[in-house]
Amino acid sequence: MAPAINENRFLNDLFAQGKIGWREGHGLQRLAYSTSYLEARAWLKGKMEEAGLKTRVDGVGNLFGRLEGKNKKTILAGSHLDSVDNGGIYDGPLGIIAALEVLRTVKESGELPKHSLEVVAFIGEEGEPLGGTFGSRAFAGLLPAGYRREQLARFSVGEKAIAESKGELDKYAAFIELHIEQGPFLERRGIEIGVPSGIVGITRLAVSVKGAANHAGTTPMAERKDAMRAAAELIHNWFGWMDGQKELVCNIGVLELSPGHVSVVPEEARFVLELRSIDDAAVERACSEFSAMAERSAPCSVSIEKLGAKPAVLLDERLVKTIKESAGKAGYSAAVMPSGASHDSSPLAHVIPTGMIFVPSHNGISHSKDEFTSDADLIRGAKVLKEAVLRIDDSF
């Protein structure tokens, strides 16, 4: 039986990594391949080697630290090291630092695990410029040929590097990711541990509403082909319909007008509609409904392009059960729940048995410098991760 994790070491390392790329008053600036990202990865690699782990960096930049076991498959644990602009210090790194602490604890016990244990720091989980879950999709072998060739060339990453980053997936028994919830469900209910049952799919539509540019002072209202007005009416009607839906959520976070002059009737309005649901069929129905609404946007025309669609995924039932039991053994309340955010676990769940552990996010805040999870909740998550890894090592 491995000893208890070193709580102070775990927290000190988590907060130390959070200083790399932090800008006071703004938050964490650690985009994939940036200077601060490479500094954080080098720091983490050093921590892994101090712990006696064998390290490697694959072709796209994923970092692994390995503790060899007896003769069985590998248990993988970790998350991502990159951040959004002005992000927080917990989203992603928590799962990496906790996994590192679990491996250190097992190694210090002197008892060789049945499985080899590996901690991973995936690159490019956040959105642009790599499209999200980039490193984990490369590891899972799920990136299509020619994927974002021009963007990746800026980082000297080619198709050969992507191909070489695919893991030997048949050698992995499980992947476990500890993460902050990024929502208010756990905190509002006073629940200490969340056990995701699945991860939402994400579909994004690029929408262009086209009218005609004209003088804003001399064109009668009834004669205008105002793309902004048509877009506003479409968006208003769409959100009215969405308010009655329970199985999906949406967001419009990007809106642009052309030609973008205060005294010109807009010729074009462009926005991106994002849909998320655990039910892919619900997303398809919503896309059909939106298309039908768009056809009623006269006198303007509307074109819709699907930018991408990541399907929803269910997590491994056996691991969901194991994680819930691990929380119970540690004496923590737990609830099985879906994840409304995407994670590296999403692509991995297609190729390796995958499970997740959530700890509460204060006020549900994430992707923000104000992101916060208490030390007590962080430690609970790390303890449940350790217990789950040991159970998997013993019984899988």
Side-chain angles (χ1 to χ4, degrees), residues 7 10-32 34 36-37 39-41 43-44 77-101 121-128 130 132-136 177-196 199-200 202 249 251 253 274 276 335 337-346 356-385:
E7 297 176 8
F10 160 58
L11 293 175
N12 287 340
D13 281 351
L14 179 63
F15 298 138
Q17 67 79 29
K19 294 177 181 178
I20 304 173
W22 182 266
R23 288 180 58 206
E24 199 61 41
H26 296 274
L28 197 62
Q29 312 287 321
R30 208 153 72 196
L31 299 182
S34 66
S36 59
Y37 182 88
E39 181 183 348
R41 191 177 67 188
W43 174 89
L44 179 60
S79 191
H80 62 96
L81 195 58
D82 62 306
S83 77
V84 297
D85 267 330
N86 303 322
I89 70 169
Y90 304 97
D91 175 4
L94 167 61
I96 301 167
I97 303 301
L100 172 60
E101 182 58 33
F122 286 120
I123 193 168
E125 190 271 351
E126 302 293 1
E128 298 306 320
L130 304 176
T133 60
F134 169 71
S136 50
E177 182 176 12
L178 169 63
H179 207 282
I180 59 170
E181 182 198 348
Q182 299 180 283
F185 179 90
L186 295 174
E187 185 180 62
R188 287 180 181 174
R189 291 161 179 79
I191 299 171
E192 293 163 315
I193 297 292
V195 187
I199 300 173
V200 294
I202 301 177
V249 296
N251 188 54
E274 181 185 84
R276 296 186 184 222
M337 58 184 290
S339 171
S342 186
H343 301 282
D344 289 308
S345 287
S346 181
M356 291 195 73
I357 303 164
F358 277 172
V359 291
S361 297
H362 182 53
N363 289 330
I365 295 173
S366 185
H367 284 186
S368 164
K369 65 179 176 59
D370 298 321
E371 176 181 278
F372 177 75
T373 294
S374 71
D375 290 359
D377 282 326
L378 298 170
I379 291 168
R380 289 187 189 102
K383 287 182 175 179
V384 173
L385 177 63

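Residue Ile97 comes nearest to Leu14 through the heavy atom pair CG2-N, 3.8 Å, listed as atom of the first residue, atom of the second, then distance. Here the closest heavy-atom approach between residue Ser339 and residue Ala341 is recorded as OG-O, 2.7 Å. Considering all non-hydrogen atoms of both residues, Phe15 and Asp375 come closest at CZ-OD1, 3.4 Å. Among all heavy-atom pairs drawn from Val359 and Leu186, the shortest one is C-CD1, 3.9 Å. The two residues Asp85 and Gln29 make their nearest non-hydrogen contact at OD1-OE1, 3.0 Å. The shortest non-hydrogen separation linking Ile20 to Ser36 is CG2-O, 3.5 Å.
Every residue meeting the side-chain contact (heavy atoms from CB on, under 4.5 Å) condition with Leu28, not counting sequence neighbours, appears here in chain and number order: Trp22, Arg30, Ser83. A search for ring-ring contact (aromatic ring centres under 6.0 Å, His included) contacts involving Phe134 returns nothing, not counting sequence neighbours. Listed by chain and number, the residues in a salt bridge (Lys or Arg N to Asp or Glu O under 4.0 Å) with Asp377 are Arg380 (sequence neighbours excluded).
Using a distance-only test at 3.5 Å, with no hydrogens or angles considered, a donor-acceptor pair links the side chain of Gln17 to the main chain of Ile89. With Glu7 contributing its side chain and Ile379 its backbone, the two residues share no donor-acceptor pair below 3.5 Å. Distance alone, capped at 3.5 Å, places no donor-acceptor pair between the Asp344 side chain and the Glu125 backbone. In terms of modelled atom types and a separation under 3.5 Å, the side chain of Glu39 and the main chain of Trp43 share no donor-acceptor contact. Proximity of a side-chain donor or acceptor of Ser368 to a complementary backbone N or O of Ile365 within less than 3.5 Å is not detected. Between the side chain of Ser34 and the backbone N or O of Tyr37, at least one donor-acceptor pair lies under 3.5 Å. The backbone N or O of Ser345 sits nowhere less than 3.5 Å from a side-chain atom of His343 that would complete a donor-acceptor pair.
Side-chain contact between Val200 and Ser342 is absent, with no heavy atoms from C-beta onward closer than 4.5 Å.
Remark: Phe372 CZ to Asn363 CG distance equals 10.5 Å, nearest 0.5 Å. A distance of 6.5 Å separates OH in Tyr90 from OG1 in Thr373, rounded to the nearest 0.5 Å.
Using a 4.0 Å cut-off between charged nitrogen and carboxylate oxygen, Glu274 and Arg276 count as a salt-bridge pair.
Side chains of Glu177 and Ser79: a donor-acceptor N/O pair is present below 3.5 angstrom, by distance only. Side-chain atoms of Glu371 and His362 form no donor-acceptor pair, as typed in the model, at a separation below 3.5 Å. With hydrogens and angles left out, the side-chain atoms of Ser361 and Gln182 include no donor and acceptor closer than 3.5 Å.
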Checking side chain to side chain contact (heavy atoms under 4.5 Å, CB included) for the pair Ile193/Phe358: CA distance, chi angles, key distance, verdict?
CA-CA 6 Å; Ile193 297 292; Phe358 277 172; over 6 Å; no
Verdict with reasoning, Leu44 to Ile96, per side chain to side chain contact (heavy atoms under 4.5 Å, CB included) | CA-CA 9 Å; Leu44 179 60; Ile96 301 167; 3.6 Å; yes
Practice task
Output, in order, the C-alpha distance, side-chain angles, deciding distance and verdict of side chain to side chain contact (heavy atoms under 4.5 Å, CB included) for Glu126 and His80.
Solution key: CA-CA 8 Å; Glu126 302 293 1; His80 62 96; 3.3 Å; yes
### Message
Between Met337 and Glu181, does the side chain to side chain contact (heavy atoms under 4.5 Å, CB included) criterion hold? Intermediate values first, please.
### Response
CA-CA 10 Å; Met337 58 184 290; Glu181 182 198 348; 3.6 Å; yes
